[in-house]
Amino acid sequence: MKTLLFCFAFWSVGLVVSAQEASKPEAVQESQFKRPQPKHRTSQRVPDPWLGFGHDDHPSIRGATYLMKPDDIRAIPLRGRNGINKEPLEFPKGNGLRIVGTGHSWMRPGYGTLPHIARTAGLEQRMRLNTRGGEAGGARMMWELENGILSGQGKPFPVCMAAITTGQWDVMMWGSYTHDRPEYYFGWIDFCLKHNPKMEFFRFNGWPQWAHGFAEGDSEPRIENYRAFAAKRSRPVTVKLIAEIDKRYPGKVHILPTSEAMLLALELYFQGKLPGIKGLNRRVDGKSPCIWSDGGHLGKGMNWLEGYVFYSTLYKKSPELIKARPPEWMLSTELDKVFRKIAWQAVVSNPLSGVVDKNGNGIGDEIERSGE
């Protein structure tokens, strides 16, 4: 009997050990989880001082586009992938804004939807853009490219600058990038105001990436981490930069609150109130549409949210006032309503946007006073 009991006990222990062994691969897999890291936003080292502004006599700057006469700038052949750029350099004043803009892949979705949104609002949207991917599309490297200096040495490509010299433009927009300095914008602003004294300026505000949702020890993204990123890293950096630019150009440069709009979208997603959005990161979740297509770039349909932020900031009107809507196959009516609402909410809640709506009627106080 004792032998039988001993054998049963040994067999029972064996079962427990076997069960523990079977669970080991899963435990090991959890312990090997690597916290995701943000991509695409690391900056190249830039010498200090940067020679792109305030160093007109330096050998590296001689021959820069901004030092040339307007006629000579407009005479530079702009050869792109499809041959010579023949887009108009100027437009007469209409009922819509005339925009020159640089930027990267995080701005292209908004650049693509803004004309459609403006058109549904009955506005003529004129745009002339020069964009490249990543840091190459940031304000600094686009200045170097268009001037043919530093990283663009000897190869000027003044797509925006040639147009700016005509004096027929209202707005300039830029793509921001990590470690931006105020002086990266000074050259652009000086050049624009020289030819377009009433010009206004708008800087993109980068949103959090999927990886910012993970704090130390997290195995899945959490909304608290996205909030912390915005509060501790994104907002303070932007506020400090604009404060420095304001010292030289008071009230001239505004922020496109794309980061705030994305955070509002994330809040709704985690509450289960973002209709039709099935995941955060398409590459990880394997679903579509998602907030991000790859953890940084916008997912399907999110381009309309960015476009609405652009429209709200530039025109100082809520997109909720526009009656027409995108085709259902592009964006569902339900999600479109949400995007319009949070775009306006993001814009009026950010004091750096330059848009105030005290009476809450969806029309910026500045244009309401002017009767536009």
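Any value given below was found using the heavy atoms of this structure, including those in side chains, with hydrogens, waters and symmetry copies removed.
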Ring centres of F186 and F53 under 6.0 Å apart?
yes
Do the two ring centres, one from W344 and one from Y308, sit under 6.0 Å apart?
no
Please check if the side chain of H104 supplies one atom and the backbone of S176 the other of a donor-acceptor pair under 3.5 Å.
yes
Compare every heavy atom of N196 with every heavy atom of Q168, then report the nearest pair and how far apart it is.
N-OD1, 3.3 Å
Assess the side chains of R181 and Y184: does a donor N or O sit below 3.5 Å from an acceptor N or O?
yes
Please report the closest heavy-atom contact between T131 and T102, naming both atoms and the distance.
CG2-C, 4.4 Å
The salt bridge (Lys or Arg N to Asp or Glu O under 4.0 Å) partner of D170 among R128, R126, K93, K198 is K93
Please work out which of the three classes, parallel, tilted or perpendicular, describes the rings of F270 and Y226, given edges at 30° and 60°.
tilted
Between W174 and Y177 (judged by ring centroids, cut-off 6.0 Å), do the two rings come close enough to count as a pair?
no
Can you list the steps and then say if R325 with T333 is a side-chain contact (heavy atoms from CB on, under 4.5 Å)?
CA-CA 7 Å; R325 298 191 179 276; T333 299; 4.0 Å; yes
Can you classify the ring geometry of F204 versus W207 as parallel (below 30°), tilted (30 to 60°) or perpendicular (above 60°)?
perpendicular
Identify the two heavy atoms, one from M127 and one from P115, that lie closest to each other, and give their separation to 0.1 Å.
SD-CG, 3.6 Å
Taking all non-hydrogen atoms of both residues, which atom of C192 and which atom of I164 are closest, and how far apart?
SG-CD1, 3.6 Å
Residue that, paired with T238, satisfies side-chain hydrogen bond (donor to acceptor under 3.5 Å, both in side chains) out of N205, N350, D180:
N205
